[in-house]
Every structure is written in structure tokens, then in C-alpha cells.
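Okay, structure first, notes after.
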Amino acid sequence: VASDGKEKRVLIVEDDRAVRRILSVTLSRAGFSTVEADSGREALAEIDKAPFGAVLLDLGLPDGLGGAVLKRLQASPDGRPVWMIVSALDEDDAVRRYGPLKGIFVPKPFDPWDLVKRLERLIESHHEDGP
Amino acid sequence: VRGKRPVVDRSLQAILRTLGDIGHTLESLSEPEQRIRHWLQLIRRIIPYDGCVLLEVRSERAADFRFISEPPQNGSPALKEALASSLALISLENIAVLSNETAPRLAADLPWASYLGLPLVANDRIVGLLFLGSAEEESYDEQEIALLSIVSSSLASYLGLLHAHEMEHLAKRLFDSSLIGMTDTKGQYIVAANDAFLQMVGYTREDIERGSLDEKAMTPPEYADLDKKALRELEERGECTPYEKEYIRKDGSRVMTLNGAARTQEEPLRFVCFVMDLTERKRAEADLERLRSEFLSVVSHELKTPLTAIKGSAAMGLSAEPPSQTEARELFEVINEQAERLRELVGNLLDATRIEAGTLAVNPTPEDISDIVRTAVDTFGHAWQERPVQLSLPELPPVMADRRRIHQVVSNLLSNAMKASPGREPIVVTVAAEDGRAVVRVKDSGQGIPKDKLPLLFHKFSQVHESGGRGTGLGLVISKGIVAAHGGSIWAESDGEGRGATFSFTLPIVLPQDAQAG
């Protein structure tokens with residue numbers, strides 16, 4: 001399916017070292033390759049650098065650029081990469097703060113295996129629907 | 001001295017002349033006290049007395065009296081008290097001339113053998129009491145009482161005018177004050193308003209004269225019912241319960257106000273309306289609400305992030321593919337570390353709650369402050385290796401300190417200093433004795449604090465650097481609470497952004513006698 005391997009590249013945007021590490025290890029075990037960003041600024045730079053199959057985005061970043069990263073993702077014309085929003089807020093509070101959210105919302109704390117399964121399904125369904 | 005009753009000329013001519021003179025005396029409202037004194041002197045020509053006192057009732061409710069006596073030295077405090085108490089003997093419904101016969105008890109308190117007390121009434125209120133006293137017994141007869149009644153009516157009117165004038169002045173002063181918006185409203189039209197109100201709604205005096213200030217038109221439709229209810233209350237009770245409403249300003253924007261009104265005329269309805277601008281208060285409420293919600297989301301983040309790490313580590317440890325021994329160790333380390341983070345956060349939340357409720361208990365004992373600071377820095381060293389900390393910890397007299405709590409404050413200030421200056425610049429920690437207090441200072445050369453944010457630092461819900469490091473912002477709130485509970489103070493100084501900051505706090509030094517006792 002993922003001929004060029006980019007579908008298997010996941011960008012993890014999360015400021016907390018421990019959470020980032022867990023996501024990275026879980027995704028690696030599931031066969032993904034990961035790139036980590038601990039700020040919005042870094043995430044935007046990575047997105048510009050090379051294509052990703054998926055992005056895991058924690059909205060509440062200390063540089064306040066979580067919303068900007070989300071905007072960039074939502075603006076993508078072909079809907080790629082797919083993304084999931086990870087947040088310590090309830091979805092209602094997150095909407096109040098960041099506006100309407102497109103994408104799958106995963107509240108913290110989450111089960112990392114469960115999250116990876118959902119991510120796999122998301123990539124798959126997007127691939128089927130895609131051009 | 002028993003005075004001989006002077007002989008007075010009580011011919012019609014003499015009476016008329018006196019009436020004319022006393023009329024002239026009360027022609028102006030300026031210098032009323034002198035005019036009244038002169039009046040008192042003039043009536044002596046036709047009604048003799050040894051002493052005369054006017055008790056002017058400026059406000060019966062507030063017991064606000066003015067005494068004018070003739071001769072002037074006639075007004076001892078005891079006499080004034082006796083005269084004021086005589087007000088209880090009369091009422092509007094029962095206007096009686098007081099005398100030795102009608103009020104013998106009062107007579108005992110007065111310095112005269114016989115007296116007359118004549119109530120003065122104007123505008124349906126008792127405006128004063130005029131007392132004449134004589135050293136002779138049974139000095140005043142029916143004729144003199146009648147004569148006094150006639151002449152004193154001019155004084156009563158004068159006091160009534162004086163009072164009305166004062167009330168007018170008071171009302172004008174109130175109306176013109178900029179403290180509160182006021183309007184004089186007839187039906188639905190504002191016929192007069194003070195500057196405070198005009199500023200609030202953006203209209204001018206000319207607009208009032210043009211009749212543009214129409215309460216109904218100035219009120220957004222959603223407040224029409226509240227206005228109607230207020231009008232009903234005004235009609236029924238003469239007053240309305242204060243309520244919040246909005247006005248549409250001349251430029252179309254809206255202003256939130258608190259309104260109350262009192263009726264001044266029944267038919268057609270006219271009332272004075274008191275209007276308070278609530279814009280600032282509403283803004284402050286909204287700010288607080290925003291800060292509260294911000295704080296909740298920060299706390300939520302701080303609680304859920306470690307939980308996520310713990311849950312994730314556990315899930316990985318339990319997965320079908322068991323972790324290696326090294327991996328397992330790493331997972332447990334994460335769990336341990338994150339549980340510690342949670343413990344600290346929950347501790348901080350509890351401390352902040354105790355401080356807010358005023359139930360934070362400290363047990364200060366004489367302690368060596370330098371030693372507390374050294375221990376805190378040493379403990380901190382494990383977490384922040386390689387950070388140079390410059391210490392100046394001289395030997396000082398003991399301070400009163402709860403060792404554990406002051407340690408917490410120092411750790412907190414160190415932690416902030418480290419976070420604020422992520423480079424290798426040294427943190428400078430000093431202890432000194434100044435003005436009978438010990439002062440601890442923690443100085444960093446980091447990002448600094450803008451001047452206008454300095455006072456906000458120690459407030460709940462405030463984080464000065466929105467994009468700065470994570471944290472609930474509770475550390476300084478707790479530190480302040482702890483220092484305050486010790487009777488000390490805490491403050492921050494900074495020369496501005498990028499120029500570092502110094503946080504200082506003080507603790508009381510133990511006085512020698514306390515040290516011996518302790």
C-alpha cells in the first residue's frame with residue numbers, strides 16, 4: 001500500500017518528553033518511523049521539510065503555536081497528511097479555545113496502543129478514499 | 001441675680017416698628033447666624049428675657065442642631081442637651097408651647113425661673129424651637145405668648161427657607177458630582193442630567209434641550225420589560241430596586257449600567273435616576289473568568305500529561321510483546337517520575353487552596369536562614385546539575401521560620417530562576433540582615449519581567465509569560481502565602497524584558513529575649 005514509505009512516517013508534536021517518548025516507542029513497534037517536534041515552530045519546519053503520512057498534534061504547546069500547526073494541516077488541499085489531535089482539554093474546551101476542530105480528537109490520557117490502531121485505520125480509510 | 005423685669009414699650013407703634021425691623025433683618029440668606037442673633041436681640045424690645053436660645057433643627061433624624069443664644073455665653077452643653085431633649089415633647093401633630101406649666105420637668109433643667117419654648121414650623125416640619133427664659137417666676141402671660149407666636153412666624157419661615165436652600169445646594173452638589181450618573185426624568189424624557197451621565201451615554205446638554213434623551217429610545221428592546229417593572233415600582237412605592245440594564249449610546253454602542261430611581265413627583269410621574277457605569281466591573285469579571293478558565297486548562301494539562309505518560313508506560317509494559325529488561329526499567333522510571341510530578345502538583349493545589357481559605361498553618365521556630373537556603377540549593381543541585389549557583393550566606397541571628405515551608409519557598413524561587421534563564425548564567429542567592437529582618441534574594445539574568453507585569457506575579461491565575469515554560473503559576477502564590485504567614489513580605493524586581501529578575505523575601509529576626517525564652 002505505502003509504496004514510497006511516506007505513509008509510514010509520523011510526526012509527533014508533543015512538548016512533554018515522557019509522552020513523546022511513549023508515542024514514539026509505540027509507533028516504532030507498530031512499524032512506523034517517527035519524527036519528534038516539541039514546539040509548534042519545530043513542527044511547522046518539519047512539515048515544510050518532507051511529507052508525512054500522519055501527524056499527531058498536541059494543541060497545547062508552550063510556544064502557543066498548536067493552533068497554527070492545526071491551521072496549516074487543515075489548509076492542505078489534498079487532506080494529507082492525516083492528523084489526530086491529542087489534548088489535555090475536553091473537546092468542548094478545545095473547540096472554545098481553538099475554534100471548530102477537523103480531525104480525530106483524542107483526549108489525554110489515552111492508551112497508546114489504542115491510539116496507534118486508530119491511526120492505522122485513519123491512514124487506511126484515507127488511502128481508500130483518496131485519489 | 002434676680003433681675004427686675006424691665007419695663008417695655010408695648011404700644012402698637014412700638015410693636016409695628018419692631019415687626020418692621022425684624023422683617024428687614026431676615027431679608028437675606030447670607031450670614032444667617034448673625035441675622036438670627038440680631039432678630040433675637042430685636043424681639044427683646046417687646047418681649048423681655050434674661051436668656052434666649054434658638055435651637056435650629058437642621059435634621060431631626062441625624063440630630064443635627066444649631067444653637068444660637070443671646071447673650072452668647074448662655075449656651076452651656078448641659079443646657080443644649082436639655083433643650084434638644086425637649087424636642088421629644090412636641091410633634092407636628094401636637095404643637096404646644098412649652099412652659100413651666102406644660103413641661104415642668106424641663107423647667108428643672110433650665111437656668112431660668114420661668115420659660116417659654118415655642119415650636120417653629122415651616123414646610124410641614126419642625127424647623128426649630130425658640131426658648132425665652134426669665135429670672136422672674138410666672139413671667140410670661142397669654143398676651144406675650146400670642147405676641148411671640150406672631151413675631152416668631154417670620155423666624156420660622158426664614159429657617160424653612162434656609163433649610164430649603166441648604167437642601168437645594170446639597171442636591172445640586174450631588175447632581176453635579178461626577179461620582180454617579182444622575183438624571184431628572186419626566187415620564188420617558190430626561191429633562192436634566194449631570195456630566196457623569198452624559199459622558200456615559202455620549203450625549204450633550206444641547207441634546208437634552210432638543211428633547212433627544214428619550215429613555216425608551218435609548219433602551220435596547222430586551223431591557224424594555226425591566227424598565228416597565230421599574231416604572232411600576234416607582235408608581236407604587238416611590239422607589240425602584242436597583243437593576244442592571246444597557247443604554248444605547250449616541251454612537252450606537254452600548255453601555256452596561258446599574259440603575260436605581262426615586263420618585264420626585266407623582267402625577268405626571270417624575271423621578272431622579274441614579275446610573276452607575278458597570279463597564280469596568282463587567283470587564284474585570286470577564287477577565288477573571290478568562291483567567292479562571294485559563295487556569296483550569298493549565299491544571300488540566302498538568303494533571304493529564306503525567307497521567308498520559310503513566311498510562312502509556314503501563315500499556316506498553318502490558319502489551320503482547322513484553323518489554324526487555326532495559327525497556328521495563330525505563331517504563332518504571334517514567335511512571336515513578338510522572339507520579340512524583342502529580343504528587344507535587346496535587347500538593348501545590350492543596351497549598352493554594354489552604355492559602356486561599358486562610359488555613360495554611362506554619363510553625364515558626366528559631367532557625368538559621370543561611371542553613372535553610374544552603375540545604376535548598378543542595379537539594380536542588382541534584383535536579384539541575386551543572387548550573388552554577390553563587391552563594392553569599394553569612395552567619396545571621398536566627399529567624400522565625402517553619403523550616404519545611406521556607407525550604408519550599410527557596411526551592412520555588414530557585415526553580416523559577418532556573419526556568420527563566422535556560423543558559424549557563426549563574427543564579428545568585430544571597431542572605432542579608434536589613435532593618436531587623438533577614439532578606440533572601442534569588443537573582444537570575446534571564447528573560448526578565450516587564451514592569452507592568454510585576455504586580456501580577458503573585459496573583460492566582462496569572463502567568464506572566466504566556467508562551468513561557470509550563471506551570472500552573474501557583475508557585476509564587478504559595479510562596480507569598482507562606483511568607484505572609486511568617487509575617488514577612490515577598491516581592492520581585494526586574495529592569496525589564498531580557499534583563500533578569502530578582503525575587504526577595506523577608507523573615508523576622510528573633511529578638512534576643514525571644515531567643516532566650518525559646
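Each chain gets a letter, A, B and so on, in the order the sequences are listed, and its residues count up from 1. Note that this is a predicted model, so its numbers are computed, not measured.
Between chain A and the residues B:Leu303, B:Thr305, B:Ile310, B:Leu296, the largest count of heavy-atom pairs under 4.5 Å involves B:Thr305. Considering only heavy-atom pairs separated by less than 4.5 Å from chain B, the leading option among A:Asp90, A:Leu89, A:Leu115 is A:Leu89.
Without hydrogens or angle criteria, B:Ser300 side chain to A:Ala88 main chain gives a donor-acceptor distance under 3.5 Å. A:Trp113 contributes no side-chain N or O that, together with a main-chain N or O of B:Ser319, makes up a donor-acceptor pair within less than 3.5 Å.
At most 12 heavy atoms of other shown residues, nucleotides or ligands fall within 6.0 angstrom of atom CZ in B:Arg281. Within a 6.0 Å sphere centred on NZ of B:Lys245, heavy atoms belonging to other residues, nucleotides or ligands number more than 12. Atom CD of B:Glu222 is surrounded by more than 12 heavy atoms from other residues, nucleotides or ligands within 6.0 Å.
Of the atoms belonging to A:Asp93, not a single heavy atom falls under 4.5 Å from chain B. For A:Arg21, the part sitting under 4.5 Å from any heavy atom of chain B is the side chain, from C-beta outward, and nothing else. Looking at A:Arg17, the atoms closer than 4.5 Å to chain B (heavy atoms on both sides) all sit in the side chain, from C-beta outward.
The structure places OG1 of B:Thr308 at 8.5 Å from CD1 of A:Ile22, a figure rounded to the nearest 0.5 Å.
Residues B:Val334 and A:Ala18 come closest through the heavy atom pair CG1-CB, 4.1 Å.
In summary, B:Lys304 and A:Asp16 do not engage in a salt bridge, as defined by a charged side-chain N under 4.0 Å from a carboxylate O. Between B:Lys311 and A:Asp114 there is no salt bridge, since no side-chain nitrogen of the basic residue lies less than 4.0 Å from a carboxylate oxygen of the acidic one.
Side-chain atoms of B:Pro323 and A:Arg29, non-hydrogen and from C-beta on, do get closer than 4.5 Å to each other. At least one side-chain heavy atom of B:His301 sits less than 4.5 Å from a side-chain heavy atom of A:Asp58. At least one side-chain heavy atom of B:Met316 sits less than 4.5 Å from a side-chain heavy atom of A:Thr26.
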